[in-house]
Amino acid sequence: MQDNIDSKTYFSTELLEWYDRSKRDLPWRRQRDPYLIWVSEIMLQQTRVDTVIPYFQRFIGRFPTLKDLAEAPEEDVLKCWEGLGYYSRARNLQAAARQVMERHGGVVPANKADVAALKGVGPYTTGAILSIAFNQPEPAVDGNVMRVLSRYFLIRDDIMKTGTRTLMEELAAGLIPRGRASDFNQALMELGALVCTPKSPQCLVCPVMAHCAARIEGVEETLPVKSKAKPPRPEYRLAALVEGDGEHAGRVLVRRRPDTGLLARMWELPHIPAAAIAGEGAGLPDGPAMDRLAAELAAAGVPAQPVEAFMDAEHTFSHIHWNLRVFRFHEAAGHAAAAGLPGLGLAAAEAGAAYETSGSELEEDSAEYRWIKPEDMAALAFPNVFLRILKQYSPLWG
DNA sequence: AATTCGGGGAA
DNA sequence: TTCCCAGAATT
């Protein structure tokens, strides 16, 4: 046991010394404004430092104070988050900022219960805010920390299990040197990011290599133990890029997604589910696909004529893999084209059935549609996959 | 305890 | 390709 205590003391001391010497100069480390620390921590959830930096700079330029964020239109916040992913983080962050305005007079609270009660703030972020911004001795256990601790202390528990994180928090709490919670927690994550990496850890330059149990056993590459996530399920979708006519000339049709679920409240090109698309297995023809899409558009009050199959696009979410086939349409102002393509007979209708999915596939029937021009893109948040499509359509839309 | 939430960088 | 990243909310 004495050896164990020495091992812990050694770990904390050496890690802190290493951090003081080699920490990165990151934007959110240049001050200790709890609001800015908080914003950075939310952005950093499941997201790399290099990805976050430009978003952080832009975000705090647009919303310099918690009050600015609380008073902004939600659309502005979402637009600022565009491309960063996990958009509920942005909506929760703003909701929490409004919480702070109402409950705490605009001052980020410095106690555990109040911080943990903020929307979008879970166990990790609670510890991160309290320790980094207020130097309180709370653990902040993320993926980096679990990797470092699992190796140094040779912990073989599956880090995907809830109980393992609790175990790690108790261990991490006991490692925090008195008065150095802020630096120590950041040091732990910094080590995981720069040295104790998932693959090919740089043990030879690690400040705590001498007492790292996994290194001594030669098993550092096998830790942490982590059960594999399920692969994303494939989904096939038919999307429409509708060019406006007449008063809509120079515009394209977009719609806003529902308030909840995947990509909530983001804007997108209209699309419908399909069982498959041409080139993906069955080699289905494009005609029936365009027919179904035209019917969908007509139902939305937008008669349109198909022009061509424009492009395919893929996009992987955590749990879904989208295969998109995008068709270009031209608005047919004046007459309802719900009947579908001219010249498509019964055979085409039967082929169209092959696209249909088995379950209920009705898209949001009350979806909000809008004809937009390129300048409107500055105010509307789109998922990256649709930004790519629009950019390929024309640089005007990039 | 399992699923649902994006997107991209690195090997 | 595969992994996984300064995770949280929901069911």
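Side-chain atoms are counted along with the backbone in the values below, which use heavy atoms only and exclude waters and symmetry mates. What you are looking at is a predicted structure, and each value in this text was computed from that prediction instead of being measured. Naming: A, B, ... by sequence-line order, numbering from 1 per chain.
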Check your understanding: Any side-chain hydrogen bond (donor to acceptor under 3.5 Å, both in side chains) pairs touching residues 198-208 of chain A, not counting sequence neighbours?
Key -> none

Practice item. Using a 4.0 Å heavy-atom cut-off, write out nucleotides 2-8 of chain C from 5' to 3' as B (base contacted by protein), S (sugar-phosphate only) or - (no contact). Key: -SBBBBS

Check your understanding: Would you say A:Q94's side chain and A:A72's backbone share a donor-acceptor pair under 3.5 angstrom?
Key -> yes

Check your understanding: What is the nucleic acid contact for A:L84, judged by heavy atoms within less than 4.0 Å: base, sugar-phosphate only, or nothing?
Key ->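 Touches a base.
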
Review point. What residue pairs, at least two apart or across chains, pass salt bridge (charged side-chain N to carboxylate O under 4.0 Å, His left out) with a residue in residues 102-123 of chain A?
Key: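 Listed by first then second residue: A:K112-A:E138.
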
Review point. Any salt bridge (charged side-chain N to carboxylate O under 4.0 Å, His left out) pairs touching residues 182-197 of chain A, not counting sequence neighbours?
Key: A:R24-A:E190, A:R29-A:E190, A:R180-A:D183

Point to revise | A:K226/A:D158 ion pair, N-O < 4.0 Å | key: no

Review point. Going by an N to O cut-off under 4.0 Å, is there a salt bridge joining A:R165 and A:E169?
Key: yes

Check your understanding: First contact, last contact: which nucleotides of DNA chain B are these for chain A, 5' to 3', heavy-atom distance under 4.0 Å?
Key -> B:dT3 to B:dG9

Review point. Which of these, A:F11, A:Y10, A:Y152, sits in a ring-ring contact (aromatic ring centres under 6.0 Å, His included) with A:H211?
Key: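 With A:H211 as partner, ring-ring contact (aromatic ring centres under 6.0 Å, His included) holds for just one option, A:Y10.
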
How far does the [atom1] atom of [N] sit from the matching atom of [M], given to the nearest Å?
N	M	atom1	result
C:dC4	B:dC5	P	23 Å
B:dT4	C:dA6	P	24 Å
B:dG8	C:dA8	P	22 Å

**Study point:** Neighbours of DNA chain B within residues 383-398 of chain A, by heavy-atom distance under 4.0 Å
**Key:**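 Per residue number, the list reads A:P383, A:N384.
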
Do the ring centers of [X] and [Y] come within less than 6.0 Å of each other?
X	Y	value
A:W322	A:H315	no
A:F327	A:F310	no
A:W81	A:Y55	no

Point to revise | Along DNA chain B (nearest heavy atom to each residue), the more 5'-positioned of A:D50 and A:L262 | key: A:L262

Review point. Among A:R147, A:R215, A:R151, whose salt bridge (charged side-chain N to carboxylate O under 4.0 Å, His left out) with A:E220 holds?
Key: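 For A:E220, the salt bridge (charged side-chain N to carboxylate O under 4.0 Å, His left out) test succeeds with only one of A:R147, A:R215, A:R151, which is A:R215.
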
